[in-house]
Structure formats: structure tokens, C-alpha cells
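Some notes on the structure that comes next.
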Amino acid sequence: MTEFQQLCYKTLKEKVPAGKVITYGGLAKLINHPNAYRAVGSAMNKNPFAPEVPCHRVVKSNGDLGKFAYDISLKVKRLEEESVLVENGKVVDFKKICI
DNA sequence: TTAGTGACTCCCG
DNA sequence: TCGGGAGCCACTA
């Protein structure tokens, strides 16, 4: 567990409530590493706290779900449980619910 | 120590 | 509007 990873998870839990999503780039900005979006992806990939840390709320900048370390359908399921609609692998009303 | 990898993003044609 | 390529950062072997 690195400091960077802890920062990612902590920020995600504190800043992204249920029913909202954030982009990898957006999360990178929140932790003051605006160019570290790739590293954010790596951190999410190694997330040892799923589902405590809501890594399923992190999506790509165009509204795509991106990938998921386990089963992508699980990511969709968790999002829908939080009233986030997913269609064709994309977040519906992405611009409205993206932080 | 270094090179390779990846849940990405941005720019340009 | 869309696709390809380059760049970015942290982690791992």
C-alpha cells in the first residue's frame, strides 16, 4: 500500500457519493496530480478495499465504464444499485452526474 | 537501477 | 466527429 494509493482511495470515498461518478482524470486532479491519471488507474486496479472503496464510480472521460479488475458486470450492477444508469457500456447522463 | 506495463487523456490531422 | 499516436505516472519484476 503506497501513499499515492491511500490518497486515491481516501479522496474517492470522501468526494464521490453514491449516485455520482468521477473520471480518472478528475480524481487525479483532486489529489493534486492532474497528469497522474494512468497511475490512478493502476491504483484502482490494485484496490484491496473493494467494495468499501467505490472504485466502480471511476469511469473514463467520455463516459465509458473503462475496465474493472473483477467482473465488469459487477461494476454495472453496483452503479445501477446507486441509481446510475448504464447503457451499452456507457454512463447515461454522464455529464449530469459526473463530479 | 531500469525497462515494461496499464482500469487513461489529450492533441492533431 | 473520429481515430491514431504520444505522453503521463506509479508499480513491478
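These numbers come from the heavy atoms of this one structure, side chains and all, not from hydrogens, waters or symmetry mates.
Near DNA chain C, defined here as any heavy-atom distance below 4.0 Å, there are no residues from residues 78-96 of chain A.
Atom CG in A:Leu7 sits about 14 Å away from atom C1' in C:dC9, given to the nearest Å. Rounded to a whole Å, the CG atom of A:Asn32 is 15 Å from the C1' atom of C:dC9. The distance between atom CG of A:Asp64 and atom P of C:dG3, rounded to the nearest whole Å, is 12 Å. A:Phe4 places its CZ atom 11 Å from the C1' atom of C:dC8, with the value rounded to the nearest Å.
For A:Glu14, the salt bridge (charged side-chain N to carboxylate O under 4.0 Å, His left out) partners are A:Lys10, not counting sequence neighbours. For the side chain to side chain donor-acceptor pair (under 3.5 Å) test, no residue two or more places apart in sequence or in another chain qualifies with A:Asn32. Under the side chain to side chain donor-acceptor pair (under 3.5 Å) criterion, A:Lys13 pairs with A:Glu52, not counting sequence neighbours.
Closest approach of A:Phe94 to A:Lys60, counting heavy atoms only: CZ-O, 3.8 Å.
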All N/O donor-acceptor pairs, side-chain side in residues 64-73 of chain A, below 3.5 Å, sequence neighbours left out:
residue : atom : partner : partner atom : Å
A:Asp64 : OD2  : A:Asn62 : ND2          : 3.4
A:Asp71 : OD1  : A:Ser73 : N            : 3.1
A:Asp71 : OD1  : A:Ser73 : OG           : 3.1
A:Asp71 : OD2  : A:Ser73 : OG           : 2.9

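Note on A:Ala39: a base of the nucleic acid sits closer than 4.0 angstrom, heavy atoms only.
At least one side-chain heavy atom of A:Pro17 sits under 4.5 Å from a side-chain heavy atom of A:Ile99.
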Each nucleotide in nucleotides 7-13 of chain B should get exactly one letter: B, S or -. Can you fill that in based on protein heavy atoms under 4.0 Å? BBS----
